[in-house]
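Bear in mind that the values here come from a model prediction, so they are computed numbers and not experimental data. Each chain gets a letter, A, B and so on, in the order the sequences are listed, and its residues count up from 1.
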Amino acid sequence: MISPLLSWKRQSLFRQLLLVNCAIIMISIVALFLLVMVGTFTMQKKRFVEESLLRLEDFAGAIADEAVIGDDASIEKYFRGRISGKDVFQVRWVDRNGKIILVKTEPEKSCAPAWLGTLTGLARQEHSKRLVFGGLFYGELSTVTTAVATTTTIWDALLWGTAGIVLLSVILLVATALVLKGNLVVLKELTLCTQGLVDGDFSTRVPRVTQPEFAPIFKAFNRMAATMQQLIQRIESETQFMQTMINSIPDLIFIKDKNGVYLGCNDAFVSKFAGRPKEQIISCNDFDVVPDRALAELFRQQDREVMAAGSARSSEDSITLVDGSNALVETIKVPFYDQNGVVAGLIGIARDITARKQAEEALFDHQQELLSVNLTLENRIQDEVQKNRAKDRLLLQQDKLASIGQLAAGVAHEINNPMGYISSNLRTLAEYFDQLVRFDRLWLEQVSGELTPPTRELVAASRESLEIEQLLGDGVDLIRESLQGARRVTKIVQDLKSFSRVDALVENEPVDLSRCMESALNICYNELKYVAEIRKEFAPVPEVLCNPGQLNQVFLNLLVNAGQAITRPGEIILRCRHDDSFVYASVSDTGSGIPEEIMKRIFDPFFTTKEVGAGTGLGLSISYEIIKQHNGELLVESSLGSGTTFTVKLPRTPVRPDEAGTGTVPHV
Amino acid sequence: MKRSTASVCCTLLLLLLGASCTFAAGDSFTFGVNPQRNAVLTAQYWNPILAYVARKSGVRLEMKVEKSGQDYSVKVGQGEYDFAYTNHIFNPANARVGYHVFARPHEDSIRGEIVVTEGSPVRTLEELNGREIGFPSKAAFVGYAVPMDALIRRGVTVKPVFGGNQEGIMAQLKGGKVVAAGVNSQVMRDFAQREKLAYRVIWRSQEFLNLPLVAHPRVSAKTVATVRKAMIEMNTDPEGGKILATSAALIGQKPPLGFEPSSDKEYRNQWDFYKTTTLPEYR
């Protein structure tokens with residue numbers, strides 16, 4: 001049995017609203033009608049009473065004078081002219097003497113039922129009034145009235161009102177039904193759109209409505225739908241992104257519930273491990289997915305441990321992949337919790353570490369190799385350190401040489417000036433002495449014969465004692481030799497100045513290599529001239545851009561080495577030539593030559609074949625470095641017993657020394 | 001002589017006894033009021049005064065009014081009332097009854113006036129010639145006899161219309177039913193004040209004393225004296241003064257209130273008027 005309330009709740013909103021509206025309307029109309037009728041009754045009764053009292057007052061006023069005068073005939077006449085069946089139907093006057101005048105008639109019959117007149121009090125109203133004027137009682141007037149017309153009007157109003165209520169109720173019901181129907185159509189639209197949302201159609205929108213009650217709801221619904229659509233799109237996008245991201249991870253990712261049943265996995269899990277569609281993995285357990293029952297049991301055991309511990313754990317397991325290969329995977333399993341904080345399952349990430357393991361092993365081997373290599377390297381480094389130290393000493397020696405060169409240049413500069421006026425004075429002195437000799441000869445020839453003998457003898461004795469003849473004869477030679485010596489000193493000084501420009505700070509300048517070789521030769525000529533014959537074969541060569549001081553040092557080294565290589569009288573040949581690209585300057589000797597075994601080390605610093613103290617072993621090394629800095633080459637050709645030729649090969653358009661690249665050790 | 005003396009004494013005794021018996025028996029005396037106003041207002045005015053007099057004097061006075069001044073005048077002429085408040089006793093027809101004045105109101109003298117409403121174009125009596133003029137009744141002294149006499153003497157012929165009493169014709173004047181009215185100056189003043197009526201007097205008579213209180217010859221002198229005493233002392237008695245004030249307020253009467261002794265002598269000019277009037281009904 002359905003209770004009325006439950007039955008009411010199962011009614012449609014339309015019916016509920018309609019019934020409620022009908023009930024409210026009916027009750028309201030009836031209540032209003034009753035209220036109006038009661039009000040009307042009350043008002044009519046009040047009015048009736050007031051009119052009755054007014055009529056009584058009118059009667060009293062009208063008969064007052066007659067009452068005072070005592071004119072009963074006029075009073076009765078007045079009453080008779082005033083009563084009727086419609087209102088006042090009975091009047092009674094009792095004067096102060098007790099005389100009664102009663103005038104009455106029958107009230108008219110009303111079409112209204114008698115109960116209405118009784119109920120409303122309109123059927124009969126009796127009022128009386130005592131007439132007292134100046135404190136003297138003149139009589140009592142009584143009237144009995146009825147409101148036939150009013151009762152009839154009220155009855156008609158009741159009938160018409162009831163009919164109106166019925167008619168109005170019907171109209172209101174119909175109007176309410178129509179209005180509700182119209183509004184419920186709108187609500188139905190909202191219901192359909194809501195159902196659309198429920199079904200996942202988030203693009204659904206309700207149409208615009210004009211009802212002020214529904215317009216905000218519909219607008220809010222559309223905003224809500226739009227917001228939901230945006231949220232769903234965002235969630236789908238994020239889900240898609242997450243799914244794509246998870247699927248793009250090469251690791252095997254899976255999710256299980258607390259019973260070990262798979263809730264999801266990524267593509268790598270499907271393609272590499274499970275080998276079945278994702279739909280056949282979800283809702284399955286390890287025994288369904290993993291063919292190896294022992295491995296499945298292991299996984300199950302691990303899962304239980306992780307969920308019991310409530311914390312992440314990792315393990316390394318060997319599994320068989322879909323392609324049949326075995327892989328070592330490192331699996332991290334992390335539990336996740338439901339809203340109540342209870343472990344609801346776990347998330348697992350398995351990474352194939354087979355390659356990494358292999359790489360680790362290879363790395364171990366490499367480490368061992370590296371240890372041995374390190375030992376070798378340490379030895380080589382020690383060698384290199386020693387070489388560097390030798391280089392440092394070489395550089396130190398270079399600095400010393402440069403200092404010596406600067407010192408020599410300073411000395412040469414100081415010598416050059418006195419040598420200037422010495423040479424000048426000597427030339428002037430030679431001219432004077434020549435003039436003196438010619439005068440002496442002229443005097444002997446032209447004047448001595450004219451002298452007196454004593455004077456002649458005295459002069460002869462003086463010339464003899466003073467060794468004038470010898471003096472004049474040797475003086476010319478002495479001056480000539482002194483002049484030659486002075487020129488020699490000047491030359492040497494110039495060469496020293498030229499040699500002094502050995503530092504790298506000196507700007508490069510166009511240099512004729514044959515002149516450089518001449519300068520070097522001048523320096524060491526005194527040493528060479530006793531061991532070898534110097535021969536020059538200088539062809540015209542173009543100037544090259546170089547540091548002349550440094551090249552002088554190179555050629556000096558080569559000449560000194562050549563001189564030292566010649567053990568018996570021999571020959572040193574200086575040559576200059578050129579081709580389209582290079583200018584060549586060579587120093588050849590007819591010495592013992594260089595043995596093959598030491599040929600490769602001749603440019604090493606401090607390598608020397610000379611006796612201790614005879615050489616530093618730096619000459620060729622420095623020369624090699626200088627030529628390399630000039631982007632050139634220092635070539636050597638040697639033949640045991642025949643001699644050696646060192647050739648300086650410089651480009652015709654040499655680059656600046658500071659821009660020169662690394663040279664290569666030339667092969668002879 | 002003795003016999004006649006004795007008879008006179010017996011007669012006097014009988015008269016005294018009769019009067020005493022009458023007085024002692026508490027018989028009421030009629031008090032006819034000149035209908036200057038309607039009956040109810042008259043009753044409201046006079047009944048408290050008469051009740052007071054009855055309490056003070058022991059003489060019960062029953063107020064009587066008539067429908068019109070004419071009826072009242074007839075009753076006066078018939079000697080209907082024991083006491084009366086009227087001046088109808090001075091016309092020759094009623095003078096024969098023998099009513100005599102014993103008191104009069106404290107009020108100022110009255111005049112007969114012919115009045116029009118304030119807005120009326122009528123300025124002179126001559127303008128009333130041939131027109132309907134209102135009067136209280138033919139019995140009214142200052143309301144009819146005096147002004148009518150003046151009209152006749154001025155040669156103005158009017159058509160008299162009667163309102164029954166003073167205020168009756170004043171109401172008609174106020175309602176525009178008559179262009180002018182002959183009135184008692186004092187009643188007119190009180191009426192106009194009470195009814196807020198603006199009026200203008202186009203003719204005014206000489207002064208006359210207000211209506212007197214008169215007694216029929218049949219009323220004993222003692223009764224008259226008792227009544228007169230109560231009435232003239234009313235003004236000085238707090239209770240009586242209060243009643244007078246209340247009654248005066250009803251009709252708009254101005255002080256001085258109350259009554260004072262009077263006699264026929266003071267009303268000589270009214271007696272004389274009727275002797276010289278040109279009114280045909282009194283000639």
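When the heavy atoms of residues 63-83 of chain B are compared with those of chain A, the residues falling under 4.5 Å are B:Met63, B:Val65, B:Glu66, B:Lys67, listed by number.
Within the 4.5 Å cutoff, no side-chain heavy atoms of B:Gln186 are placed close to those of B:Lys254. Residues B:Met188 and B:Leu197 meet the side-chain proximity criterion, which asks for heavy atoms closer than 4.5 Å.
A centroid separation of less than 6.0 Å is found between the aromatic rings of B:Trp46 and B:Phe31.
If you check the side chains of B:Asn184 and B:Gln166, you find no donor sitting under 3.5 Å from an acceptor. At a cut-off of 3.5 Å, with distance as the only test, a side-chain donor of B:Glu281 or B:Tyr144 sits close to an acceptor on the other residue.
Between B:His216 and B:Tyr99, the ring-plane angle classifies as perpendicular under the 30° and 60° cut-offs.
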